[in-house]
Each structure stands twice: as structure tokens, then as C-alpha cells.
Undergrad: 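Structure incoming, see below.
Quantities reported herein were computed from a predicted structural model and do not represent experimental measurements. The figures that follow rest on heavy atoms only: side chains count, while hydrogens, waters and symmetry mates do not. In what follows, chains carry the letters A, B, and so on, assigned in the order in which the sequence lines appear, proteins first and then strands, with residues in each chain numbered from 1.
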Number of protein chains: 2
Amino acid sequence: MARKLDDLLERLGDATDLSALDSAVFDLRDRYDVEHLVYHSVKSSGDQWAALTYPQPWVDAYVENNFQTIDPVVLSCFRGFTPVDWKRLDWSSRPARALFGEGIANGLGNQGFSLPIRGPSGQFALFTVNHRSGDDTWGKFTRGYMHDLLLAAHFVNERALALDGEGHAPHQALSPRETDALTLLAAGKSRAQAAERLKISEHTLRVYIESARFKLGALNTTHAVANALSRGLICL
Amino acid sequence: MARKLDDLLERLGDATDLSALDSAVFDLRDRYDVEHLVYHSVKSSGDQWAALTYPQPWVDAYVENNFQTIDPVVLSCFRGFTPVDWKRLDWSSRPARALFGEGIANGLGNQGFSLPIRGPSGQFALFTVNHRSGDDTWGKFTRGYMHDLLLAAHFVNERALALDGEGHAPHQALSPRETDALTLLAAGKSRAQAAERLKISEHTLRVYIESARFKLGALNTTHAVANALSRGLICL
DNA sequence: TTTTCCCTCCCCCAAAATAGCGAGGAGCAG
DNA sequence: CTGCTCCTCGCTATTTTGGGGGAGGGAAAA
């Protein structure tokens, strides 16, 4: 069963652009005979984008109305790690029910599960399998194909995030002291506290912060820390 | 081949404590006949911990010397999304070479690949496969078992993060305005500039920053921005 | 309906960060 | 040796933030 995936995963590994991903997603949908598959980059440094099989009117409506801010699937995935089965979510709130109804009206299936994936700079994406079936059929389906689709999802996600992240700046390295300084500031220390911790004068610390700011092209300390964090130059 | 994993994945899904994970990791190692398997929670709101088959002396040395701050594997995974093959990393720096030599001396294999995984609150973990072989054997091994082990890795990671995250407060979400404020500050804007951008008074903006600081338990603006970034609450 | 958040605005003053000008020594590569 | 970066320290003045009070309207949930 998993072998059914091998050539596809191979293709994904070699994918150099997003259209290859897109076609892979369509291919996956046909192989597993589900209603829809969606790869959706919810939060990213660049533009949001997606590789999906949803009908365009639904996508447009979703984007225009900023549905991701009320979609229980997105919200739940965003604060979790594990795959989420749609039917275990709380659809009780009014906007959520409206969203679900709208989806059905636009050709979506009533069942689904979604998988959250994160990148190093706060990128956040979803991979969703959408299907039309009763609860028992759906249960059998998830038991049978969950592993396959998760594996596929991870590959799609990895490839997508990698492609998405390719443009990111070749970061300038910080000196050890600069790293120390920014790390302490990111931890909430004031300049005086950080200087004390590093056993140097506050003025010296200031020099490090300024040179780090310069190297990172940052306008102030907060900006420098934010940059360093999102580039992985420091960590909390 | 993937069927070899089914019962293990089943077991993992039901795992309710870390020892179950631990035994699963040992089980995995035996099935695939590799040198070592490592699940390592590098960054987490709680304590760092791991489920691994490395010899204890090596683990102790690693922790004591804070090797994760110079380990190319950790550093590379931290700024990436995709699985990393050890031999494609830059081992040219002196401390890195020393680290590698120490590892070999402690019984580690010379080959490996590692997979980064992230959780919603900035948790960051690694799953590593370590093996002793020549480059060609290793190439065959990765081609043959990569998919299996990735799948296993994801399951271990998901389970581990879920267990790890169980005690953590479901961190308080920021209000839209608070998110806006922190996002602009992270982009290097001053309070005045951010207020202008949001078309509100600077006083109002300050209220948002303060309440965000309070919610995040941050000591100052920089701290709040760093927290929000690493928790994925804002992005650049 | 009441409560609870969220958004918006205002005051004052102390504390902290930023900007500008400096200086010298250590270590390493060409 | 010369130039480079890194590390260390000093001063003053200005700008920005932080902490402490408030207050009212609106929307959504309990």
C-alpha cells in the first residue's frame, strides 16, 4: 500500500517549483479517491499560497472573508501537533457552522482530517484530506490510509516549506558576543542585566547590540532580536 | 516494508507515557538494525529530555558541555525544515570536528540523518538515525528505509510533543490588535510609527503592548516580541 | 442580563535605550 | 608588518519606553 506512494515521493523530492507540488496533490487525490486534498500555507514570511484541489469559488470566498481566522480546523491545528479529525472539533459557534455549510455548498466533503506543519521562521501550513462519506466509512478510511496520507503530507509539506523558504537571506553571522547579547535581550534582560551577566560594562554590551543591529540591518534592538530569532541565529 | 511498522505505530498511538516511547525507539533500532536512534527535545518550555539509544556517557558529556550550541546537526536542523544527512553538513570548524570525533569515540556511528520537528509553543525536537557504514552502504540504506524511518520519526515526534505539551498552559492567544502591535514592533517600528500605521493613538498602542507583555509573561517589549515569535503568534 | 473581554483615548514622570563623539589591545590572515 | 575583526571601556545629550493612574463604548459570551 505504501509502495503506491514511492514514485510520487520520488517526484516530490525532485520538485523544483510549486506547480510540481500542485500536480502531485492532484495525483494523490486520484490515487486515494478522496474528495479533496489541500496544502495551505497559512502563515509565512512571503505571500500565502496553496496547492489544492478545492474549487476556485470556495478558495476565493475563503480568502476574501479571512475564514482562516474563524475556521476551527486552522485554529485547532495551530495550537496542536497532531492530526485533527474534523468531526472531533467544536463546530458549535455560529461562524463555524456557517463556514462548514458554505464549504459543503461549494462541493467540499463532510469529513476531513488536517495535519499542522511548522517551519523555522514561524511558517505554518496545513495539509488536509477531505472526503464525502458517513462516519463508519470514514473511520475505515482513516484507519486504512491514514499512514500513507500522513507520509505524503509530510513530504508535500517539507517540499513546500523548502521551496517557500528558498528566497530567505543568506544571513550574516554574528560574533559570539553579539549572539550572547541578543540572546540575553531576547530573554527579557535589560542592557544592565545582560552586561552584568556577561561580566562586561554596559557600554561594551551596547557596542555589541549596535554592531549586531548593523549586521542584521535592524532599526532597533527589538527588530534585531526578531531578525536573529527568525533567522535561527539565536534561540530562547 | 512499511507494514513492518504498523504494530509499532499502533503502540505509539496508545502510548501514555515516555517510557513507552523509549521502548518504541529501542524496538525501532532493532527492526532496522541501525546503530542508534535518538529523539531529542532540544527546546521546550519544560525541561529538555530525550528518548534515545545513545550510551549514557556520551549523553552526559553532550549535556554537560552544551554541545547542542555547536553541533552542526542541531544548528542546521534548527534553521531548516527538511531531513538533514550528516555528511552534507559543514564539519570544518574545529569544535564541530572535535564533537564528531568524541561521538565516534563514544560508540556512535559515522553516518546519520536527522529530522527537525516543531510544536506550537516553539518546541523544537530532533529525531536522528545513526548508523555505522561506508558512504555507498549508507546511500542504499537511506534510499531503502528513509520513508519508513521518517514515518516512524513523525509518529514518535507527534507522540512525544503531545506528551511533552500536556502539562503546558494552552498559552493565551493574543487579541488581533495585540498581534498587530507586536508584529509592527518586530518589524522595527517604534511605538509612534506603529501607532500611526494602525491609525490609533500611541497611548492605545501602548495599552496593547502592555497587555501582550502581560499575557506572554514578558518583562519588556523585546522579550514579548521574542516570545511571540518563537511561539508562532506573530511572524515577520 | 450581567459579565467579560476588546478597543479606544488621556495624564505625568522616572527609567531605559539610542545617537554621537571617542580610545586602546588581542588575535589572525595576507 | 599591515590591515582586519573582535573585545573592551569612557563621556553627554536626546529620544523612546515603562509604570502608575484613569474612563467610556461595543460586542460576545455566560
Undergrad: Pick base, sugar-phosphate or nothing for B/S211, based on heavy-atom distances below 4.0 Å to the nucleic acid.
TA: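 Answer is nothing: B/S211 stays at 4.0 Å or more from every strand.
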Undergrad: Regarding A/T204, tell me which of base, sugar-phosphate or nothing describes its non-hydrogen contacts under 4.0 Å with the strands shown.
TA: base
Undergrad: Between A/R206 (CZ) and C/dA19 (P), how many Å, whole number?
TA: 9 Å
Undergrad: For the pair made of CZ in A/F214 and P in C/dG20, what is the distance, rounded to whole Å?
TA: 13 Å
Undergrad: Between P on C/dA17 and NE2 on A/H223, what's the gap in Å once rounded to a whole number?
TA: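 Value for this atom pair: 19 Å.
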Undergrad: Quick one: OG1 on B/T183 to CD on B/E178, what's the gap to the nearest 0.5 Å?
TA: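 It comes to 11.0 Å.
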Undergrad: Please round to 10 degrees the angle between the axis of the first five pairs and the axis of the last five pairs in the helix from C/dT1-D/dA30 to C/dG30-D/dC1.
TA: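 It works out to 70° between the end axes.
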Undergrad: Taking NZ from A/K189 and P from C/dA16, how many angstroms apart are they, rounded to a whole number?
TA: 15 Å
Undergrad: Using a distance-only test with no angle check, is there a side-chain donor-acceptor pair under 3.5 angstrom linking B/D135 and B/Q111?
TA: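 Indeed, the side chains of B/D135 and B/Q111 share at least one donor-acceptor pair under 3.5 Å.
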Undergrad: Using only side-chain N and O atoms of B/R177, determine if any of them is under 4.0 Å from OP1 or OP2 of C/dT8.
TA: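 So the side chain of B/R177 is within the cut-off, an N or O lying under 4.0 Å from OP1 or OP2 of C/dT8.
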Undergrad: Please list, in 5' to 3' order, the outermost nucleotides of DNA chain D lying under 4.0 Å from any heavy atom of chain A.
TA: D/dC6 to D/dC11
Undergrad: Taking the side chain of B/H203 as its heavy atoms from C-beta onward, which of C/dC10, C/dC6, C/dA17 lies nearest to it?
TA: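 Given the options C/dC10, C/dC6, C/dA17, the side chain of B/H203 is closest to C/dC10.
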Undergrad: Answer yes or no: is there a donor N or O on one side and an acceptor on the other, between the side chain of B/E210 and the main chain of B/V207, under 3.5 Å?
TA: no
Undergrad: Whole-Å distance between C/dC6 C1' and B/E210 CD?
TA: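 To the nearest whole Å, that distance equals 16 Å.
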Undergrad: Let me spell it out: for each of B/N220 and B/I200, pick the nucleotide of DNA chain C with the closest heavy atom. Which residue's pick is nearer the 5' end?
TA: B/I200
Undergrad: Tell me: CG of B/L205 to P of C/dC9, nearest whole Å?
TA: 10 Å
Undergrad: Looking at A/L89, A/L99, A/V84, A/D85, which hits side chain to side chain contact (heavy atoms under 4.5 Å, CB included) with A/V73?
TA: A/L89
Undergrad: Between A/N220 and B/G188 (side chain of the first, backbone of the second, donor and acceptor by atom type, cut-off under 3.5 Å), is there such a pair?
TA: yes
Undergrad: In whole Å, I'd like the distance from the CG atom of B/D180 to the C1' atom of C/dT8.
TA: 14 Å
Undergrad: Could you tell me whether the side chain of A/T179 and the main chain of A/S175 form a donor-acceptor pair under 3.5 Å?
TA: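 Answer holds: yes.
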Undergrad: Rounded to the nearest angstrom, tell me the gap between atom CZ in A/R191 and atom P in C/dA19.
TA: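 My rounded result for the distance is 10 Å.
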Undergrad: With a cut-off of less than 4.0 Å, is there a side-chain N or O of B/S201 near OP1 or OP2 of C/dC9?
TA: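 Checking B/S201 against C/dC9: at least one side-chain N or O falls below 4.0 Å of OP1 or OP2.
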Undergrad: B/N130 side chain to B/G109 main-chain N or O, any donor-acceptor pair under 3.5 Å?
TA: yes
Undergrad: Please report the interatomic distance CZ(B/R206) to CZ(B/R213), rounded to the nearest 0.5 Å.
TA: 9.0 Å
Undergrad: Could you tell me how the ring of B/Y54 sits relative to the ring of B/H36: parallel (under 30°), tilted (30 to 60°) or perpendicular (over 60°)?
TA: perpendicular
